[in-house]
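One structure is given below, encoded as structure tokens.
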There are 2 protein chains.
Amino acid sequence: MSAPAQTLRSDNRRELILESAAELFVRHGYGGTSMRDIAKATGMLSGSLYYHFASKEALLLSVFEEGVRLLSDAVDHALATSPDDPWERLQAAAQAHLSVLLDGSHFAQVVVRVLPGDAPGAQAELIALRDQYEARFHTVVDALPLTPDTDRSVLRLMLLGAMNHTPVWFQPGRATPAQLARHFIRNLRGTAAP
Amino acid sequence: MSAPAQTLRSDNRRELILESAAELFVRHGYGGTSMRDIAKATGMLSGSLYYHFASKEALLLSVFEEGVRLLSDAVDHALATSPDDPWERLQAAAQAHLSVLLDGSHFAQVVVRVLPGDAPGAQAELIALRDQYEARFHTVVDALPLTPDTDRSVLRLMLLGAMNHTPVWFQPGRATPAQLARHFIRNLRGTAAP
DNA sequence: CTATTAACCAAGCAATCGTTTGCTTGGGGA
DNA sequence: TCCCCAAGCAAACGATTGCTTGGTTAATAG
């Protein structure tokens, strides 16, 4: 028989490190967070982290991968269960993105907050992960019925920029991520008074 | 008689430090840039920087202030020489913002790239500077003729987020900052095909 | 010519950084 | 019972960090 309990507890420990690191990376940035800070938040000594992760950059990469995974799964699921209307599909994707980004989990915020240039050794991997995720919005925006003079790349990057900026000003008490997604999409379809 | 030449040369030296620091802060982040990096880029030794700036955070604050000053002056001038149409005024402000942000000068990019949380000692001042600048967009967005169900705060934060994200993907060869500003505003007025 | 001062260098401070090492511990399999 | 191995502790490594200090240089003022 296998011993899943033991394996589970070890995974929990590893995940606790990831969560602590994600929260600190979001709050103080990558360069502003030390391995000792992460260790203290996890309740261990700094050297013990290296049993689970080979380096600080490897730890960042794991946090980043978890963030991208959360975002990708949410958007994929939203698109799979979404109707055919192109604008509704974009709104569903935006809502999934904003929900993951703003509802507690710090992993997704690391993807948005930490720029690849902060960790030169992992720069290429970070960029690849981000691009691989954002490709989903490329597809959805391409399906939009737009006036011919509308630049779809600009529209896509505009929406991504607006969404990725929300952690700076979002306050849990006010609008929900879903309401924000509706506002964002409606604003892109047209806000001028008749 | 005074000696303006001497004062000027010293100011040039101080400005050279500021420029080097701004470029490094943008490329590697605040925590990823050391005083020795800045000194080497300026052609001095690290200790010499402290003749001009009291601390690393004071240096960041000066860079930040210069960035806010450049952005504020550009937007103020654009609004002062802009017609009365509210949407055209917003586009003029956006164009000024994007031009300063994307045309070479690294000071403005520091304002967007370095988050207040990166420098805990200067956090309050950085937030105050950013808010003081962004108040201009509050005024211009308030003057917009919008459908009653449009949230003006969301619209403003959406535009700011989209603009502040441009340094991540902007490439000098393609669209100009002015063209981007036109696209952004047009997208906010309505992009759906009839 | 002397005195002053702005501007910088050379060297080093204590503290902290990411990382490595050798050792302990507790629980499961043979 | 013996052993093993995951998991982490305790301590330290050299390097780098932000910053300080005392002296040097070049130019200006009187």
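All values below come from the heavy atoms of this structure, side chains included, with hydrogens, waters and symmetry mates left out. Bear in mind that the values here come from a model prediction, so they are computed numbers and not experimental data. Chain naming here is simple, since letters A, B, ... match the order of the sequence lines and numbering starts at 1 in each.
Taking B/His183 as the reference, nothing meets the ring-ring contact (aromatic ring centres under 6.0 Å, His included) condition, with sequence neighbours excluded. When the side chain to side chain donor-acceptor pair (under 3.5 Å) test is applied to A/His77, no partner is found at least two apart in sequence or on another chain. For B/Tyr30, the ring-ring contact (aromatic ring centres under 6.0 Å, His included) partners two or more places apart in sequence, or in a different chain, are B/Phe25. Applying the side chain to side chain donor-acceptor pair (under 3.5 Å) test to B/Ser82 and every residue at least two apart in sequence or in another chain returns nothing. Not a single ring-ring contact (aromatic ring centres under 6.0 Å, His included) links B/Phe107 to another residue, sequence neighbours left out.
The NE2-P distance, from A/His28 to C/dC17, rounds to 12 Å in whole Å. When rounded to the nearest whole Å, the span between NZ of A/Lys40 and C1' of D/dC9 equals 16 Å. Rounding to whole angstrom units, CD of residue A/Glu57 and C1' of C/dG18 are separated by 11 Å. For A/Leu60 and C/dT19, the CG to P distance is 12 Å, given to the nearest whole Å. Rounded to whole angstrom, the span from the OH atom of A/Tyr51 across to the P atom of D/dA7 amounts to 4 Å. Rounding to whole angstrom units, CD1 of residue B/Ile17 and C1' of C/dC9 are separated by 14 Å. Straight-line distance from the OH atom of A/Tyr50 to the P atom of C/dC17: 11 Å, rounded to whole Å. Remark: P of C/dT24 and CG of A/Leu45 are 16 Å apart, rounded to the nearest angstrom.
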Could you go through nucleotides 12-14 of chain C and list every protein N or O atom that sits under 3.5 Å from one of its N or O atoms, giving the distance for each pair?
residue	atom	partner	partner atom	Å
C/dG12	O6	B/Arg36	NH2	3.3

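The aromatic rings of B/His97 and B/Tyr133 lie parallel to each other, their planes meeting at an angle below 30°, with 60° marking the opposite boundary.
Two residues, A/Asp37 and A/Gly47, neighbour DNA chain C, and the one matched to the more 5' nucleotide by heavy-atom proximity is A/Asp37.
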For residues 166-176 of chain A, tabulate all N or O donor-acceptor pairs below 3.5 Å that involve a side-chain atom, not counting sequence neighbours.
residue	atom	partner	partner atom	Å
A/Thr166	OG1	A/Met163	O	2.6
A/Thr176	OG1	A/Gln179	N	3.1
A/Thr176	OG1	A/Gln179	OE1	3.4

Pair up each side-chain donor or acceptor in residues 114-128 of chain B with any protein partner under 3.5 Å, not counting sequence neighbours, and list the distances.
residue	atom	partner	partner atom	Å
B/Asp118	OD1	A/Arg113	NH1	2.9
B/Asp118	OD1	A/Arg113	NH2	3.1

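Within the 4.0 Å cut-off from OP1 or OP2 of C/dA6, not a single side-chain nitrogen or oxygen of B/Arg13 is found. Considering only side-chain N and O atoms, A/His52 lies nowhere under 4.0 angstrom from the phosphate OP1 or OP2 of D/dA6.
Checking D/dC9, C/dC9, D/dG18 against the side-chain heavy atoms of B/Met44 singles out C/dC9 as nearest. Relative to the side chain of B/Ser48, the nucleotides C/dC9, D/dA10, D/dG18 differ in distance, and C/dC9 lies closest. When distances run from any side-chain atom of A/Met35 to the nucleotides C/dG18, D/dA10, D/dC19, the shortest one goes to C/dG18. Distances from the side chain of A/Ser55 to the nucleotides D/dC9, C/dT19, D/dT20 place C/dT19 closest.
In terms of modelled atom types and a separation under 3.5 Å, the side chain of A/Gln109 and the main chain of A/Leu101 share a donor-acceptor contact.
Within residues 113-126 of chain B, no residue has any heavy atom under 4.0 Å from DNA chain D.
Environment of CG in A/Asp84: sparse, with no more than 12 heavy atoms of neighbouring residues, nucleotides or ligands closer than 6.0 Å.
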